[in-house]
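Since this is a predicted model, take the numbers as computed values, not measurements. Here is the naming used below: chain letters follow the sequence lines, and residue numbers restart at 1 for every chain.
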Amino acid sequence: MESKLKVSAPQFLHCPLCGFEFEKQETPCQHGCPLGRFCKLVCCPNCRYEFPEKTQGLNVLQRLFHRGRKPAPDRTLLGLHELEEGEHSELVCLNSSRASRRNALAVYGLTPGSRLILQQKRPTFVVRVGETELALEIEIAREILVRRV
Amino acid sequence: MPMPCHENNAVSTAGRKTATTQPMLVLVGNPNVGKSVLFNKLTGKFVIISNYPGTTVEIARGGTFIDDKEFTVLDTPGVNEFAPRTEDARVTCDVLRDYPEATVVQVADAKNLRRALLLTLQLAELRRPMVLVLNLMDELDKCGGRIDVRKLSEILGVPVVPTIAIAGTGVHLLQQAIGRARIPSLPSDAPGSRPCPTEIEAQLARANAILAQVYTITQPRHASFAQKLGWWATHPIKGLALAALVLYFTFWFVGLLGAGTAVGFFEKVVFGRYINPWAIQVVDIVLPFPHTHDTQESHYNLEIPLSPTYGISIWENTQIVSAPTYSLAPSATLGGWTQVRRLAHDFLVGEYGVITMALSYSLAIVLPIVTTFFLVFSVLEDSGYLSRLAVMLNRLFRGMGLNGKAVLPMVLGLGCDTMATMTTRILETRKERVITTLLLALAVPCSAQLGVLMAMMASISIRAVVFWIILMVLISFIIGWLAAKLYGGETSDFILELPPMRQPHLGNVVAKTFARLEWYLKEVIPLFVLGTMVLFILDKLRVLDKIARFGEPLVTGWLGLPRETASAFLIGFLRRDYGAVFLLDAATGPKHLLTPHQVLVAMVTLTLFMPCIATLFMISRELGKKTAFWITMFIFPFAFFVGGLVNHLGGLFGI
Ligand SMILES: Nc1nc2c(ncn2[C@@H]2O[C@H](COP(=O)(O)OP(=O)(O)OP(=O)(O)O)[C@@H](O)[C@H]2O)c(=O)[nH]1
Ligand SMILES: [Mg+2]
Ligand SMILES: [Zn+2]
Ligand SMILES: [Zn+2]
């Protein structure tokens with residue numbers, strides 16, 4: 001289970017220059033940008049090309065253009081926070097290192113196999129499991145790995 | 001399942017002695033499933049029932065007769081699992097441990113059978129006779145679910161009783177079933193189950209297996225209006241609009257109708273025209289000495305308020321009434337006994353009299369404000385809105401080392417800080433409990449205090465009121481933030497179950513309001529009478545003067561107030577609003593001791609005082625003497641500190 005998680009965990013970046021695919025955390029390049037860790041540029045570990053990571057604004061724009069199209073139900077593993085409001089999904093596993101958090105979710109019926117409906121994302125996530133409506137923060141939503149249905 | 005319950009708990013050990021004599025029923029189950037409603041139907045005893053998880057935080061006990069046998073019934077706080085995370089869940093665990101011979105009545109939400117079964121499986125390991133109650137059957141019907149009750153009973157090996165507790169349906173069936181309570185006889189493992197990593201997951205797999213056999217959902221669900229309202233309430237924009245609407249309505253009902261119209265009626269008509277003059281008359285007959293009371297013109301205008309400045313007048317009239325102030329007959333020389341009579345007369349109906357001041361204050365002002373507030377609050381509680389408010393405010397509370405769950409005790413604090421302090425039990429970490437308690441004690445006045453403080457400041461200037469509100473909010477955030485930093489440690493996860501939006505029951509709203517009023521008045525009236533007495537005695541013994549001189553550096557030097565106001569702060573230790581009443585007397589009374597700036601300084605200082613002495617006792621009971629001590633040691637100096645700042649810097653804001 002664990003290894004599968006790693007592979008499918010999102011945050012993959014694509015270098016526009018050489019086409020190399022890498023994880024964001026792997027960026028080894030350090031440069032003297034005054035913005036420090038707030039700098040939005042990432043650096044390709046293969047060719048050392050620096051390019052901007054997709055920003056929030058870009059995301060919104062893209063979503064605007066793609067609005068009419070429904071995303072095809074794909075089978076990749078996603079964090080709950082990556083779903084859109086109103087999407088249905090099936091819980092695959094709770095990727096939390098803390099047993100107490102897993103338990104806290106389990107008692108509300110959030111266990112592998114259960115069907116979730118993401119009702120809202122802001123200001124706080126609200127998911128529906130059966131007849132239970134549960135509010136939770138994004139930090140927890142990230143650890144709930146689901147698959148669209 | 002291990003029962004990691006801790007040994008010490010004052011609540012459950014209190015009644016342990018009576019345990020052996022009578023057969024006992026313990027109501028347990030998930031939060032917000034109707035345990036307390038069922039308890040009320042079984043025993044006839046009143047307990048607070050609200051539509052959010054975590055209403056009951058303490059055990060309630062009552063008696064019921066089943067087949068001419070008397071049973072003790074215990075209502076417990078709701079739990080989701082028998083590994084206590086919070087203080088209220090611990091109470092439930094302790095009950096199960098302390099009464100090993102009790103019959104367990106598990107109350108389940110029929111719509112959420114899976115979660116209930118999880119508890120059933122954990123309870124089964126205790127090997128106690130039990131009965132399973134499927135409550136909220138009406139809501140199960142509405143959402144199109146069906147449960148095969150007989151099959152479920154067969155699988156679990158215990159009686160299963162469907163009920164609609166709120167309507168009383170099925171309660172007698174439950175009573176009949178008590179005799180048939182059995183130890184659950186579960187098949188050791190559900191067929192086809194695979195080994196699971198954790199115990200709880202194993203139990204859930206078994207619960208699923210059972211669910212598959214007994215639960216069917218027939219019709220597709222359409223979102224009802226209540227459900228949509230619930231969604232709006234947590235929507236980032238619609239939610240804000242709804243919150244504004246709720247706030248305005250609360251303000252209209254409590255602030256204008258309660259604190260304006262109703263207080264005016266009680267103060268001016270009921271007390272001003274009837275009770276006070278009547279009491280003066282009676283006292284004058286019983287305790288005669290040569291004097292004549294002043295008279296005053298009492299003008300009254302009954303109106304329905306539409307905005308703070310405009311209302312529809314219904315009834316208006318003017319009448320001459322006698323006042324507590326009097327003048328002695330010019331030639332009179334008062335002998336020994338006459339002096340005593342005069343003293344007693346003043347104590348009862350004088351300017352600081354128990355009747356003319358203490359009672360008319362605590363009843364005429366407090367009663368209408370608190371009643372209207374509790375009414376609105378009960379409606380909000382029963383609707384399920386409060387938990388949704390917690391969702392909206394979670395971010396904000398994160399900044400103070402808390403999370404959205406702390407919204408509930410904070411809002412409850414507007415009703416009564418003492419009750420709210422107890423409700424902090426629903427918070428998961430001690431850090432959160434301490435910070436919430438501190439903020440409650442520091443900056444959340446209960447509705448009566450809020451009403452009094454605002455009314456008094458409004459009589460000075462509206463700008464001062466606005467400044468005061470902003471200051472209090474700012475202080476809450478800064479102190480909360482600092483406390484979180486100092487306390488360190490992590491804030492618990494925000495995982496909050498949202499109860500379904502429900503239509504409030506008028507009966508429950510009224511019953512709850514009455515119960516809370518009773519609680520409140522029992523706490524408030526003796527305190528105020530005590531405060532008045534202390535002040536009266538100090539005044540007559542001329543000790544007030546000494547105290548005033550003692551407090552001079554602080555009161556006059558730092559706060560810039562006349563030394564006579566020291567007594568107001570003294571009485572403010574009992575309840576902050578009483579201090580305010582005495583201050584106002586100084587401000588608007590005949591002597592005009594205070595300037596508007598001074599009133600603001602004094603009010604800010606008093607607002608930051610401990611809400612009332614009863615709250616202090618509750619803090620020490622809930623969090624221990626040491627924490628209570630430190631909270632007190634922080635609050636009072638801090639109050640004077642901020643008051644002084646306002647005094648010295650207030651000029652900068654033009655207040
Ligand atoms: N429609 C319906 N509502 C019910 C029924 N039983 C209880 N309720 C409502 O459910 C809510 C919760 O009831 P409580 O008795 O306070 O629940 P509890 O189990 O004691 O909750 P905690 O003390 O928080 O654990 C209240 O708003 C009740 O009006 C029922 O049979 N039908
Ligand atoms: Mg209860
Ligand atoms: Zn850079
Ligand atoms: Zn008199």
**Message:** Looking only at side-chain N and O atoms, does Ser114(A) offer a donor or acceptor that is under 3.5 Å from a partner on Glu90(A)?
**Reply:** no

**Complete:** Residue pairs meeting side chain to side chain donor-acceptor pair (under 3.5 Å), one or both in residues 386-398 of chain B, sequence neighbours left out, come to Glu133(A)-Arg388(B), Glu137(A)-Asn394(B), Glu137(A)-Arg398(B)

**Message:** Between Lys431(B) (side chain only) and Gly489(B) (backbone N and O only), is there a donor and an acceptor less than 3.5 Å apart?
**Reply:** yes

**Request:** Using only heavy-atom distances, determine whether the side chains of Thr76(B) and Lys35(B) contain a donor-acceptor pair under 3.5 Å.
**Result:** no

**Asked** Can you say whether Ile140(A) sits under 4.5 Å from chain B via the side chain, the backbone, both, or neither, judging by heavy atoms?
**Response** side chain

**Fill in**
Those residues of residues 493-503 of chain B that come under 4.5 Å of chain A on a heavy-atom basis, listed by number, are Asp493(B), Phe494(B), Ile495(B), Leu496(B), Glu497(B), Leu498(B)

**Request:** May I ask you to check whether Asn51(B) and Asn32(B) show a side-chain donor-acceptor distance below 3.5 Å?
**Result:** yes

**Asked** So Lys405(B) and Glu428(B), salt bridge (charged side-chain N to carboxylate O under 4.0 Å, His left out) or not? Walk me through it.
**Response** CA-CA 9 Å; Lys405(B) 281 186 200 165; Glu428(B) 281 175 35; 2.7 Å; yes

**Message:** Which atoms of Thr111(A) are under 4.5 Å from chain B, going by heavy atoms: the side chain, the backbone, both sets, or neither?
**Reply:** side chain

**Item:** Rounded distance (nearest 0.5 Å) linking atom OG1 of Thr132(A) with atom CZ of Arg114(B)
**Value:** 8.5 Å

